[in-house]
Asks: 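One structure is given below, represented as structure tokens, and several questions about it will come after.
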Amino acid sequence: MTPEVTFVGTATTVLRIGGFTLLTDPNFLHRGQRAYLGRGLWSKRSTDPALTVPELPPLDAVVLSHLHGDHFDRVARRGLDRSLPILTTPQAERKLRRWGFGAAEGLPTWRAYELHRGDETLRLTALPGQHGPGLLDRALPDVMGSLIDLEQGGERRFRLYVTGDTLRRPQLAEIPARFPDIDAMLIHLGGTRIAGILLTMDARQGADVVELIRPRLTVPIHYDDYPVFRSPLRHFVEEARRRGFAGQIRTVLRGETVPLTP
């Protein structure tokens, strides 16, 4: 089966990779509902998700880049199966377990978690990420990127990088050094700004990361669902065209399913 992604909205996707189905960053609030971003900050959602929790397919695990209200909201907290593995940061694991998600697994950077089915192995490795600049990052939740490798019969068949809500930072350079030949990347964009401070990649930073990672295919997500997202998707597409790699970008609409192969 060709690896594919269904875009639900924000950073929420359903990934079908081999015989495994994953949910990323579950945000099921609807248009007009507010997501809590911490430190007394809220943002009102501008869009509707393409799926609801009851409409999700059977899942093998949830991949959660960090614990913010636009990545794991009160709808997900109420509706998701609490026995599902949630692969996330150690900081998020502690809170999720207090909420009753006993299979939450906190992964320090470079630590891996495996799922097995028949002769297939799906390996998720936690990658570095940094949500805010300088000392401000300490006031934000820890964040991780994720590398998802599919192996069949002991041979790697597919490699996906999900950036999480990171800025372009020097530590990202270690990702392609350790994990070359990345087939596809889901990149969290949006240029999130709060009090004028950039907290997620805008078009220029996103294009820099594409050039750093060099995936065969890049699918942008997390770009227009909240007013704090200030860098629209078209800016990233224009930047990719200017730099000469627009042919390696595949945009996806909410509710649409696209292959993760070039």
Side-chain angles (χ1 to χ4, degrees), residues 6 8-15 20-45 47-109 111-115 122 124-132 137-146 148 162-166 186 188 192 194 199-200 221-222 225-226 228:
T6 299
V8 180
T10 319
T12 310
T13 70
V14 175
L15 298 172
F20 303 93
T21 303
L22 305 176
L23 176 69
T24 67
D25 294 293
N27 180 204
F28 294 100
L29 297 175
H30 280 70
R31 185 195 308 264
Q33 294 182 304
R34 297 193 304 164
Y36 183 58
L37 304 181
R39 309 286 174 174
L41 297 172
W42 297 80
S43 189
K44 186 180 292 186
R45 185 160 182 172
T47 64
D48 288 317
L51 295 173
T52 63
V53 172
E55 293 172 328
L56 291 171
L59 300 171
D60 293 292
V62 176
V63 181
L64 176 62
S65 65
H66 66 301
L67 201 54
H68 250 161
D70 60 332
H71 290 256
F72 193 96
D73 61 28
R74 55 191 177 272
V75 180
R77 181 177 172 181
R78 289 194 305 264
L80 288 178
D81 180 352
R82 299 199 172 202
S83 68
L84 268 175
I86 302 179
L87 312 177
T88 189
T89 65
Q91 181 189 65
E93 177 204 343
R94 293 190 287 271
K95 182 170 284 190
L96 288 165
R97 285 183 176 267
R98 289 198 299 269
W99 289 349
F101 291 92
E105 184 78 22
L107 299 176
T109 302
R111 184 75 58 82
Y113 179 97
E114 292 184 353
L115 296 166
L122 196 71
L124 183 137
T125 304
L127 300 182
Q130 184 177 330
H131 205 336
D137 189 59
R138 298 182 183 179
L140 295 167
D142 293 344
V143 64
M144 73 176 195
S146 302
I148 301 171
V162 184
T163 67
D165 275 16
T166 187
L186 292 183
H188 292 206
T192 305
I194 295 179
L199 301 178
T200 64
I221 59 174
H222 189 275
D225 296 273
Y226 289 89
V228 292

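The first residue of the sequence shown is numbered 1, and numbering continues consecutively from there.
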Asks: Side-chain donor-acceptor pair under 3.5 Å between D73 and N27, yes or no?
Replies: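 N27 and D73 do have a side-chain donor-acceptor pair below 3.5 Å.
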Asks: If you count the non-hydrogen atoms of other residues, nucleotides and ligands that lie under 6.0 Å from CZ in R111, is the total more than 12?
Replies: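 No, because the 6.0 Å sphere around CZ of R111 holds 12 heavy atoms or fewer from other groups.
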Asks: Among T166, D25, V143, find the one that has a side chain to side chain contact (heavy atoms under 4.5 Å, CB included) with H188.
Replies: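 Single pass found, and it is D25.
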Asks: Going from CG on L56 to OG1 on T21, what distance comes out if it is rounded to the nearest 0.5 angstrom?
Replies: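 Spacing of CG (L56) from OG1 (T21) equals 10.5 Å.
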Asks: Test your reading of the model: is there a side-chain donor-acceptor pair from S146 to the backbone of G164, 3.5 Å cut-off?
Replies: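 Between the backbone of G164 and the side chain of S146 there is no qualifying donor-acceptor contact (under 3.5 Å).
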Asks: When rounded to the nearest 0.5 angstrom, what is the spacing between CG in D70 and OG1 in T200?
Replies: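 Here the rounded value is 9.0 Å.
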Asks: Over 60° means perpendicular and under 30° means parallel, so tell me whether H71 and H222 are parallel, tilted or perpendicular.
Replies: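 The rings of H71 and H222 sit tilted, inter-plane angle from 30° to 60°.
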Asks: Test your reading of the model: is there a side-chain donor-acceptor pair from D137 to the backbone of H131, 3.5 Å cut-off?
Replies: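 Looks like yes, one N/O pair under 3.5 Å.
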Asks: With no hydrogens and no angle check, just 3.5 Å: does a side-chain donor-acceptor pair link D165 and H68?
Replies: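 No - no donor-acceptor pair under 3.5 Å links their side chains.
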Asks: To the nearest 0.5 Å, how far apart are CZ in F101 and CZ in R77?
Replies: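 Nearest 0.5 Å value for the CZ-CZ distance: 8.0 Å.
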Asks: Say you draw a straight line from OG1 of T88 to OH of Y113; how long is it, rounded to the nearest 0.5 Å?
Replies: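 Atom-to-atom, T88:OG1 and Y113:OH are 13.0 Å apart.
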Asks: Distance from L87 atom CG to E114 atom CD, nearest 0.5 Å?
Replies: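 Interatomic distance, L87 CG to E114 CD, rounded to 0.5 Å: 11.5 Å.
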Asks: Given 3.5 Å as the limit, does a donor-acceptor pair link the side chain of R45 with the main chain of G32, or not?
Replies: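 Not a single qualifying donor-acceptor pair exists.
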Asks: Donor-acceptor pair, T109 side chain versus P128 backbone, under 3.5 Å?
Replies: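 Side chain of T109 to backbone of P128: no pair is present.
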Asks: Say whether, by atom type as modelled, one donor and one acceptor occur between the side chain of T192 and the main chain of L199 under 3.5 angstrom.
Replies: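 Answer holds: no.
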Asks: Check for a donor-acceptor pair, side chain of R97 on one end and backbone N or O of A104 on the other, with a separation under 3.5 Å.
Replies: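 Yes; judged by distance alone, with no hydrogens or angles, the pair exists.
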Asks: To the nearest 0.5 Å, tell me how far F28 CZ sits from E55 CD.
Replies: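 Taking CZ in F28 and CD in E55, the distance rounds to 9.5 Å.
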